[in-house]
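For the numbers below, each heavy atom of this structure counts, side chains included, while hydrogens, waters and symmetry mates do not.
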Amino acid sequence: MRSRTILWPTDFSDTASHALQYVVEMANLYQVGIRILHVIEQPTGNENYMILTITPSELAKNMEDAAATKMHDLLSQLDTSLKVETIIRHGDAVDEILAETNSDDIGMVVIASHGRTGMSHFLHDNVAEAIVKKANCPVLVVK
């Protein structure tokens, strides 16, 4: 773990930003690189079945451009001289994060908890929980 890259999956939420503080501190301590991963999921649910004035491919491109802008803003705020890689993928968040997590060069994952409780916890997928259960490396969940 101490010689391999730290993976930080992010949805650009405040909770995820809080987890980034741990990532930077640990990366600086162990002198390892940081890989930032954002997954763009296909929109689902009733609120997304509105009349669209753009095509699905244009929507995907707009989502990717927005993520790239957020990633660029994030990189400008990082306080580290270590190697930082960024990746934007399309697909299921759990599948894409696990694919990256279980690659040979990831030593640890630092992921934010979403903080859902009660009925909401049972109705929505818990990405952090799935990563903890299926990752081949240590996972730190920050809330």
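Panel note: side chain Trp8, backbone Ala16; a donor-acceptor pair is recorded below 3.5 Å. When atom types are taken as modelled, the side chain of Asn102 and the backbone of Asn136 share a donor-acceptor pair closer than 3.5 angstrom. Between the side chain of Gln31 and the main chain of Asn28, a donor-acceptor pair closer than 3.5 Å is present. Under the 3.5 Å distance criterion, the side-chain polar atoms of His38 are left unmatched by any main-chain donor or acceptor of Ile88.
Minimum interatomic distance between Ala27 and Ile6 (heavy atoms only, all atoms of both residues): N-CD1, 3.7 Å. Annotation for Val110 and Ala19: closest pair CG1-O, 3.8 Å, computed over non-hydrogen atoms. Here the closest non-hydrogen pair linking Ile111 and Val139 is CG2-CG1, 3.9 Å. Val141 approaches Ala128 most closely through the heavy-atom pair CG1-CB, 4.3 Å. Considering every non-hydrogen atom in both Gly107 and Cys137, the closest pair reads O-CB, 3.7 Å. The two atoms that bring Val127 and Ala93 nearest to each other are CG2-CB, 4.3 Å, heavy atoms only.
With sequence neighbours excluded, no residue satisfies salt bridge (Lys or Arg N to Asp or Glu O under 4.0 Å) with Lys83. Considering only residues two or more places apart in sequence or on other chains, Lys61 meets the salt bridge (Lys or Arg N to Asp or Glu O under 4.0 Å) condition with Asp65.
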Could you walk me through whether Arg4 and Asp104 pass salt bridge (Lys or Arg N to Asp or Glu O under 4.0 Å), step by step?
-> CA-CA 9 Å; Arg4 293 189 278 167; Asp104 290 336; 5.9 Å; no
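Taking CG from Leu75 and CD1 from Ile34, the interatomic distance works out to 9.5 Å, rounded to the nearest 0.5 Å. Taken to the nearest 0.5 Å, the CD atom of Gln21 stands 11.0 Å off from the CG atom of Leu78. If you take CG on Leu74 and OG1 on Thr10, they are separated by 6.5 Å, rounding to the nearest 0.5 Å. Taking CD of Glu58 as the reference point, atom CE of Met63 lies at 14.0 Å (rounded to 0.5 Å). Between atom CG of residue Asp11 and atom OG of residue Ser17 there is a gap of 8.5 Å, rounded to the nearest 0.5 Å.
Looking at Leu37, Thr5, Val109, Asp95 one by one, the single match for side chain to side chain contact (heavy atoms under 4.5 Å, CB included) with Glu100 turns out to be Leu37. Exactly one of Ile36, Val23, Asp105, Ile106 qualifies for a side chain to side chain contact (heavy atoms under 4.5 Å, CB included) with Leu7. That residue is Ile106.
Side-chain contact check for Ile87 versus Arg35: some heavy-atom pair is nearer than 4.5 Å. Looking at Arg89 and Ile40, their side chains never come closer than 4.5 Å, going by heavy atoms from C-beta outward. You'll find the side chain of Leu98 reaches within 4.5 Å of the side chain of Ile131, heavy atoms only.
Transitive grouping of hydrophobic side chains (ILVMFWY, heavy atoms separated by less than 4.5 Å) keeps Leu82 and Leu140 in distinct clusters.
Around CD of Glu85, the count of heavy atoms belonging to other residues, nucleotides or ligands within 6.0 Å exceeds 12.
Under the 3.5 Å distance criterion, with hydrogens and angles disregarded, no donor-acceptor pair is assigned to the side chains of Glu41 and His90.
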